[in-house]
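Computed from a prediction, not measured in an experiment: that's the story for all the values here. Just the heavy atoms: all of them, side chains too, but no hydrogens, waters or symmetry mates, feed the values below. This chain uses plain numbering: 1 for the first residue, then up along the sequence.
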Amino acid sequence: MPATDGPRVFSVANQKGGVGKTTTAVNLGACLAELGHRTLIVDLDPQGNATTGLGLNQWSVATSMYDVLLRDVPLEDCVEPTSVRNLFAAPANLDLAGAEIELVPAFSRELRLRRALEPVSGDYDYVLIDCPPSLGLLTVNGLAASSEVMVPIQCEYYALEGLGQLLRNVELVKKNLNPTLEVTSLVLVMFDARTKLAEQVSNEVRSHFGDRVCRSVIPRTVRLSEAPSFGQPINVFDPSSRGAIAYRDLAREVSGVTAQRTR
C-alpha cells in the first residue's frame, strides 16, 4: 500500500522502448491536472520526450534533471510550469545520457532523486517519473523515489517479454532501497480492437496480474502519436478524441483508488 501522507509518486517504467511510457506519463499527468490535482512530471529519460511533449524546449531550460541529480541543484529550481493548469515538469535533456556513468562513483547514487523530491513533496498530489527504457541507475533512482510502479504494456506480440526482469528489479529495489515500493498499475496501451492478438494479450495480462491491471485501456490512435510533435498532451491537442477520453478514464481510475485508500 502506498503512503497517504504525501503525494502518490509513480515510476512509469518498462525497459522495452516504444511501449508508451512517455505517452502515458504525459497524458495521464495532464488528465490528473485537469481533475484539479497538482501534478509533477519528472523526465528521467535523456531523450527528453516528456519535456518536448509538454511544449518545453529542452535546450533552453535553465536547469534540468541532470543538474538536480549531479550538481545538487534543488528540484524546485528545475521545475517549469506547462500550458496545462496544475501540471508542472522537471525537464531532461541529453546531458542526462552521461548521468548513468557519472552517478556510478557518486555518494548515495541510488537515492539522489528521492532526496531531491523530499523538499517539494508537499507541493504536489501526484508525481509521475518517466523512466528511460533501461534498468540502469536513472531507472533505479526513479524506483527508489517512488511508492508505486506503473507499467505500460503494449498489446502486441512479445508484450510480456522483459516484464519478468522488470519485476525482479522492482523486487531488488524494494528489498534493498525502498521497502514500500509496489507495482500497482499495469496499463494496456496501443490496443487495436480489430486484432485478435490485442484481445489475447489483454486476456493474458489480466489472467497473470488480476486487479493490478487497469480497467481503462488506451487505444492505438493517430491523434495520440501526433500530439507530442505539437508539444501538447492529448486532452489539449484533441480533447474529444478517443485517446483523450481513454486517458481521462485512466486518470479517474487512478485517482479513484486514492479516495478508497485514504478513507
Side-chain angles (χ1 to χ4, degrees), residues 6-13 20-97 99 112-133 138-139 141-143 145-146 148 150 152 224 226-237 243-244 247-248 250-251 254-255:
R8 284 178 75 188
V9 183
F10 286 86
S11 274
V12 184
K21 278 191 305 297
T22 300
T23 301
T24 294
V26 166
N27 292 309
L28 173 59
C31 290
L32 286 167
E34 189 179 71
L35 290 173
H37 302 292
R38 280 179 65 89
T39 303
L40 172 66
I41 295 176
V42 176
D43 193 349
L44 274 195
D45 190 338
Q47 294 176 77
N49 290 337
T51 301
T52 54
L54 288 165
L56 300 173
N57 182 335
Q58 54 179 297
W59 297 115
S60 66
V61 294
T63 57
S64 74
M65 285 306 300
Y66 174 85
D67 302 296
V68 173
L69 293 174
L70 272 306
R71 294 185 179 151
D72 295 322
V73 170
L75 186 64
E76 63 182 321
D77 292 355
C78 169
V79 171
E80 301 273 346
T82 72
S83 60
V84 178
R85 189 164 177 256
N86 292 318
L87 183 64
F88 302 84
N93 56 33
L94 271 174
D95 289 345
L96 256 186
R112 297 217 145 204
L113 179 57
R114 183 200 290 181
R115 291 189 176 141
L117 278 171
E118 281 167 0
V120 301
S121 65
D123 298 342
Y124 303 101
D125 302 309
Y126 288 88
V127 177
L128 303 179
I129 301 168
D130 187 29
C131 295
L138 289 173
T139 297
N141 262 271
L143 295 172
S146 301
E148 305 181 55
M150 175 174 283
L224 268 176
E226 287 175 341
S229 61
F230 290 86
Q232 294 177 330
I234 191 65
N235 60 334
V236 175
F237 179 65
Y247 274 111
R248 281 196 192 101
L250 181 62
V254 167
S255 57

Which value, rounded to the nearest 0.5 Å, describes the distance between [X] atom [atom1] and [Y] atom [atom2]?
X: Leu32; Y: Arg8; atom1: CG; atom2: CZ; value: 9.0 Å
X: Asp45; Y: Asp130; atom1: CG; atom2: CG; value: 6.0 Å
X: Arg115; Y: Leu113; atom1: CZ; atom2: CG; value: 11.5 Å
X: Asp67; Y: Leu70; atom1: CG; atom2: CG; value: 8.5 Å
X: Asn235; Y: Leu35; atom1: CG; atom2: CG; value: 9.5 Å
X: Phe88; Y: Glu80; atom1: CZ; atom2: CD; value: 11.0 Å

Is a side-chain N or O of [X] found less than 3.5 angstrom from the main chain of [Y], in a donor-acceptor match?
X: Ser64; Y: Tyr66; answer: yes
X: Arg85; Y: Gly36; answer: no
X: Thr51; Y: Leu56; answer: no
X: Ser121; Y: Leu117; answer: no
X: Asn27; Y: Thr23; answer: yes
X: Thr39; Y: His37; answer: yes
X: Asn93; Y: Trp59; answer: no
X: Arg38; Y: Asp123; answer: yes
X: Ser11; Y: Ser146; answer: no

Plane angle bin for Tyr126 and Phe10 - parallel if under 30°, tilted between 30 and 60°, otherwise perpendicular: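 Parallel.
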For Thr82 and Leu87, which heavy atoms make the closest approach, and how far apart are they?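 Shortest heavy-atom contact: OG1-O, 2.9 Å.
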Non-hydrogen side-chain atoms of [X] and [Y] separated by less than 4.5 Å:
X: Pro91; Y: Cys78; value: yes
X: Pro233; Y: Val84; value: yes
X: Leu75; Y: Met65; value: yes
X: Val26; Y: Leu54; value: yes
X: Ile129; Y: Val9; value: yes

Check the pair Thr63, Asp77 against side-chain hydrogen bond (donor to acceptor under 3.5 Å, both in side chains), reporting the backbone distance first and the verdict last. CA-CA 7 Å; Thr63 57; Asp77 292 355; over 6 Å; no
Are the charged groups of Asp72 and Arg112 less than 4.0 angstrom apart, N to O?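 Result for this pair is yes, salt bridge flagged.
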Taking CD in Glu118 as the centre, count heavy atoms belonging to other residues, nucleotides or ligands within less than 6.0 Å. Is the count above 12?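 Atom CD in Glu118 is crowded, with more than 12 foreign heavy atoms closer than 6.0 Å.
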